[in-house]
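Not measured: the values here are computed from a predicted model. Chain naming here is simple, since letters A, B, ... match the order of the sequence lines and numbering starts at 1 in each.
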Amino acid sequence: MHELSLCRRIISMIEETAREDSFTVVKSIHLSIGKLSCIEAEALLFGFESLSKNSIAQGASLELTHTPASARCMACNEIIEVEQYAQNCPLCSHQYLQLISGDEMRITQLEVA
Amino acid sequence: MCTGCGCSSTETTVNGHLHSAIKNTGRFITLEKDLLEDNQVYAAKNRLQLKQNKALALNLMSSPGSGKTTLLVRTINDMKHQQLFKVIEGDQQTENDAGRIRETGAEAIQINTGKGCHLNASMIQRALTELKTPLNSVLFIENVGNLVCPAAFDLGEAFRIVILSVTEGEDKPIKYPEIFHRSDLMLLNKVDLLPYVDFDVDRCINNARRVNPDIQVLQISATTGQGLQNWYDWIQTRLSVITSNSTANNTIENHDVSRDPCPNY
């Protein structure tokens, strides 16, 4: 459940931002999550709901955008979009792919009032 | 946007229905920050401190019971006459593992994570301040036994090592891909038990390469000593890089093992 650590970090980032840019209500929190990042959305939502109680983020919705993952095929050298680890190249069926992107976990913006 | 019908009008009444459901949007603040940013700051500090001390930090990750502590005890006992070792032990509870390490004479710091399922870089920062100077040492960081969560947290190590024992099953690399994807070396442990278990070594290694084509593999038995010389050579090669010149230090930072003379498996 490393999602709990990430939820704590999300809440502390919001508290830091609130000190710099005074707001009292957080309506929504927007996250950009790579398709192959190690976040389980359900665990994140569950953890956020319980950890945000009595914090400035209480009641805010967590909006997740899943960004695609890309890899380079080690046989045909093409860059392709991948859905999961250990998949074959959709172009040449080679089984070794070098992941290029897809494991990002970013907080992109806050909607506040 | 009207949350009732989805149209983009801001008029109060459109198409005959009242747009009472126009959402009261707040203002947006752009952050664009990595969720692990604070961990990465600590990891960078650790990496710098370790580099200045010419210490080789190795982050060992595996499921519980793969033989991490047995491997460390054996490694330290076999190499301690030529090499200084320090150990940071991560477990949810107990000092048991640090106790086993201390019996070898090596200094060990135990971190108890409580409910926590992984070590993070700030825990390592605190442990580094407790350790007597790690100058020229090999620093083993034994992560919490868990094949999932430790993968996400950079500790400031030079290399990441995943240990998989042959009693766990050859499909672990594709079942828990992230930890294998992020590791530099897979130690396939307990190979002395291969005659007694249904485990296809080649298939396991192929599974690991499917999630990480660059991963190196060494087959070992921490109990019988089989294959351990390759592991000791692997450590020595990386130590010599760290303790030589500054260009070599860049090599370690970049995890560049392309010139590695050790056999893959």
Side-chain angles (χ1 to χ4, degrees), chain A residues 1-10 12-14 16-18 20-34 36-40 43-44 60 69 71-75 82 84-89 94-99 102-113, chain B residues 3 23-42 61 92 113-123 143-144 146-154 171-182 203-215:
Chain A
M1 279 290 280
H2 55 281
E3 283 83 358
L4 284 179
S5 311
L6 298 174
C7 286
R8 271 189 214 104
R9 184 56 195 147
I10 290 169
S12 70
M13 276 174 158
I14 293 168
E16 286 161 22
T17 312
E20 293 162 11
D21 187 338
S22 53
F23 54 83
T24 51
V25 176
V26 183
K27 289 169 170 274
S28 61
I29 301 154
H30 296 254
L31 303 176
S32 175
I33 305 296
L36 298 185
S37 77
C38 55
I39 283 190
E40 173 56 42
L44 191 75
R72 183 185 294 279
C73 173
M74 296 188 75
V82 289
Q84 58 179 35
Y85 285 100
Q87 77 168 58
N88 289 0
C89 175
H94 189 66
Q95 55 176 339
Y96 302 122
L97 306 177
Q98 190 75 262
L99 195 66
D103 57 359
E104 317 73 32
M105 301 185 282
R106 300 163 62 75
I107 181 164
T108 53
Q109 54 180 6
L110 298 178
E111 183 190 3
V112 301
Chain B
T3 54
K23 195 179 174 188
N24 181 22
T25 51
R27 70 188 163 96
F28 283 87
I29 300 173
T30 301
L31 286 178
E32 291 295 346
K33 283 186 175 171
D34 195 306
L35 287 187
L36 293 173
E37 188 185 67
D38 63 334
N39 187 71
Q40 282 152 353
V41 169
Y42 279 111
M61 305 174 290
Q92 288 196 322
T113 58
K115 301 268 186 282
C117 49
H118 58 270
L119 294 175
N120 64 39
S122 71
M123 295 172 185
N143 220 311
V144 178
N146 178 343
L147 267 187
V148 183
C149 308
F153 295 84
D154 182 1
D171 55 354
K172 286 292 180 290
I174 50 174
K175 277 184 171 171
Y176 301 93
E178 278 154 20
I179 210 154
F180 293 87
H181 173 68
R182 291 163 185 261
R203 189 172 291 165
C204 177
I205 292 170
N206 193 51
N207 283 339
R209 296 242 156 92
R210 291 195 70 199
V211 298
N212 180 359
D214 295 331
I215 198 166

- Message: How about CZ on R27(B), more than 12 heavy atoms from neighbouring residues, nucleotides or ligands closer than 6.0 Å, or not?
- Response: yes

- Item | L44(A) and C7(A), any side-chain heavy atoms less than 4.5 Å apart | yes

- Interface residue of largest heavy-atom contact number with chain B, from S28(A), A113(A), A86(A), under 4.5 Å: A86(A)

- Item | Proximity breakdown for Q84(A) and chain B, heavy-atom pairs closer than 4.5 Å | neither

- Heavy-atom distance under 4.5 Å to chain B: side chain of T17(A), backbone, both or neither? side chain

- Region of L110(A) in contact with chain B, defined by heavy-atom distances below 4.5 Å: both

- Task: With a 4.5 angstrom heavy-atom cut-off, could you sort out which part of M105(A) is near chain B: side chain, backbone, both or neither?
- Result: both

- Message: Under a 4.5 Å cutoff for heavy-atom pairs, which residue among D34(B), D38(B), N207(B) has the most contacts with chain A?
- Response: D38(B)

- Message: Taking side chain as everything from C-beta outward and backbone as N, CA, C, O, which of these in L36(A) sits under 4.5 Å from a heavy atom of chain B? Side chain, backbone, both or neither.
- Response: backbone

- Query: Top residue by heavy-atom pair count (under 4.5 Å) with chain A, among N39(B), N206(B), N120(B), T30(B)?
  - Reply: N206(B)

- Could you tell me whether R9(A) and E16(A) make a salt bridge, using a distance below 4.0 angstrom between a side-chain N and a carboxylate O? yes

- Identify which part of S32(A) has an atom lying under 4.5 Å from any heavy atom of chain B, answering side chain, backbone, both or neither. neither

- Message: Under a 3.5 Å cutoff, is there a donor and acceptor pairing between the side chains of R182(B) and N212(B)?
- Response: no

- Message: Angle between ring planes, H118(B) versus F153(B), binned at 30° and 60°: parallel, tilted or perpendicular?
- Response: parallel

- Tell me, please, which residues at least two apart from Y42(B) pass ring-ring contact (aromatic ring centres under 6.0 Å, His included). none

- Query: When only pairs under 4.5 Å are counted, which of I107(A), V25(A), D103(A) shares the most heavy-atom pairs with chain B?
  - Reply: I107(A)

- Donor-acceptor pair, N146(B) side chain versus C117(B) backbone, under 3.5 Å? yes

